[in-house]
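Because the structure is a prediction, the values reported are computed rather than measured.
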Amino acid sequence: MGKIVKVLKVISSLALFVGIWELIVLTGRYEPSLLPSPVKVLEGMGELVKDGTLITHFKVSLSRFITGYTVAAVTGISLGLVLGYNKKVWEFVEPVVQLLRPVSPIAWFPFIVLWFGIGDVPAIIIIFIAGFFPTLLSTVSGVRKVDPAYLNVANNFGIRQPHLLFKIILPAAFPMIANGLHIALGTAWVFLVAGEMVGAQSGLGYLIIDSRNSLRSDLVLAGIIFIGISGLVLDRLIKLLEGYIERQWGVSEGRRN
Amino acid sequence: MYISIEKVSKAFTLKDKSTLTVLDKVDLYIKEGEFICLLGPSGCGKSTLLNLIAGFDTPSTGTIKINGNTVTQPSIDRIVIFQNYGLLPWRNVIKNVELGLEAKKLKRKERRRIAEEYIKLVGLSDYKKHHPPQLSGGMQQRVALARALAVEPKILLMDEPFGALDAMTRMHMQDEIERIWQEKKKTIIFVTHDIEEAVFLADRIVIMTPSPGRVKTIIEVPLPRKRDRTSLDFLKIKDKVFTEFNLK
């Protein structure tokens with residue numbers, strides 16, 4: 001019963017949104033090229049799916065995304081473990097990290113092109129930058145918040161490095177790391193599109209720029225909707241993973257007494 | 001003497017640079033196989049003393065010797081059991097019990113065999129695959145006990161281990177620890193603020209007073225085991241402890 005209500009809410013919310021959009025179009029005050037109608041956009045979406053354009057660009061985007069995100073996750077977590085564990089080193093590095101973190105990855109674009117040329121690499125690097133900082137910071141804070149009781153236990157049972165890192169610290173910090181990976185995923189997906197808009201000849205971001213250049217505003221909107229949907233799907237997937245981890249770690253399980 | 005605590009003081013420096021003396025010239029000698037309860041109100045330094053014996057911290061002055069060797073760091077021969085159990089929630093029961101065995105470099109099969117033996121000892125064989133948060137407080141403390149015993153320490157240091165349990169579970173756990181103590185012949189130092197618990201378990205009760213923590217008296221409990229919590233002799237000793245704390 002609750003599920004049906006939930007689905008109905010989602011449907012009615014979307015329907016209302018599309019309805020208002022259609023109404024605005026119907027007033028006739030805006031050129032179709034400035035604001036295409038929902039039907040037109042739906043046709044555009046069908047066109048992109050049918051001729052294979054969408055799937056081609058989507059595959060390219062996804063492979064860039066996976067590459068950049070994986071590298072960001074691996075380096076963010078490894079560096080985060082080391083920096084979180086060495087308080088002195090972190091105090092030394094933190095100012096630089098805090099200075100670089102608020103800079104939009106796009107700001108690096110001029111340098112990225114100078115150093116890495118064009119093609120896949122600039123987009124991957126932008127995704128990397130976008131995903132790296134949330135992962136690094138959540139890992140560092142996860143490691144620093146490890147319950148000292150676990151460290152006492154490890155110390156008592158004679159568990160030394162590197163076992164301490166892999167058996168105690170990493171798993172203890174993992175729920176927080178997973179949370180950081182979730183945030184990083186959202187941020188990275190946002191910047192994937194931005195990266196592809198300025199530096200690539202393929203991908204979902206490029207699809208939008210290309211559609212604009214050919215004055216197809218319906219396809220621009222179709223592209224935007226696809227990006228939204230795939231971002232949502234990715235988010236849900238990592239949420240499932242996060243939920244699984246929380247259950248494994250006993251964070252969300254009901255207690256028995 | 002097996003454990004000698006000689007003129008041990010511990011002071012901490014506070015944020016405003018003043019010093020807080022938590023333990024003041026504590027002398028205590030413990031025989032091998034003895035069950036000692038450190039009893040006192042909060043702030044009497046009983047947990048600090050336990051941490052010093054464990055080697056988590058070092059005394060400001062004085063020395064702690066075990067079998068003639070000065071304690072400088074934690075050892076697998078002295079396992080601490082904490083009030084909040086200290087279990088690793090991401091490991092199931094059997095993997096928690098195996099934790100200390102992993103550091104001992106035993107073969108996987110051997111680890112599993114020992115872990116199962118001790119899980120059986122604490123009566124949790126049906127819960128091997130459960131994760132700690134799925135278990136009740138009493139069961140979690142049994143897991144911690146099995147994990148500690150599995151590495152065959154000579155000394156168990158218990159820091160208000162049953163403090164978070166309800167009264168009934170607490171009494172069951174007291175029976176359990178007594179049974180295990182008699183079976184495994186460990187030396188146990190047990191911190192508590194529960195007078196009845198101390199009278200039930202201890203060979204000797206070390207009564208401590210706060211600010212700064214000092215040993216006030218040591219009361220022998222010459223009652224045979226297993227003790228009857230409602231017998232006249234039991235109540236007499238309880239009465240003696242109450243008098244020491246001026247609670248009468």
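- If you measure heavy-atom distances from L165(B) to chain A, you find no contacts under 4.5 Å at all.
- No more than 12 heavy atoms of other residues, nucleotides or ligands shown are found within 6.0 angstrom of NZ on K59(A).
- Of the atoms belonging to R91(B), it is side-chain heavy atoms, and not backbone ones, that fall under 4.5 Å from chain A.
- Under the 3.5 Å distance criterion, the side-chain polar atoms of N156(A) are left unmatched by any main-chain donor or acceptor of I76(B).
- Within 6.0 Å of CZ in F12(B) there are more than 12 heavy atoms belonging to other residues, nucleotides or ligands.
- P89(B) and Y150(A) get closest at one heavy-atom pair: CD-OH, 3.1 Å.
- For chain B, no part of A154(A) is nearby; none of its heavy atoms comes within less than 4.5 Å.
- The heavy-atom pair separating G158(A) from A103(B) by the smallest distance is O-CB, 3.6 Å.
- Within 6.0 Å of atom CZ in F111(A), 12 or fewer heavy atoms from other residues, nucleotides or ligands are found, so the atom counts as exposed in its surroundings.
- Your options are N155(A), D147(A), N152(A), I168(A), and the one with the most heavy-atom pairs under 4.5 Å with chain B is N152(A).
- Shown here is W108(A), whose CH2 atom has no more than 12 heavy atoms of other residues, nucleotides or ligands within 6.0 Å.
- Residues K167(A) and E102(B) have side chains in contact (heavy-atom distance under 4.5 Å, counting atoms from C-beta outward).
- In terms of heavy-atom proximity, G86(B) sits nearest to V153(A) at O-CG2, 3.5 Å.
- The choice from G55(B), S75(B), P153(B) that makes the most heavy-atom pairs within less than 4.5 Å of chain A is S75(B).
- Proximity to chain A (any heavy atom under 4.5 Å) is restricted, for V151(B), to the side chain, taken from C-beta onward.
- More than 12 heavy atoms of other residues, nucleotides or ligands lie within 6.0 Å of NZ in K104(B), so this atom counts as buried by the packing criterion.
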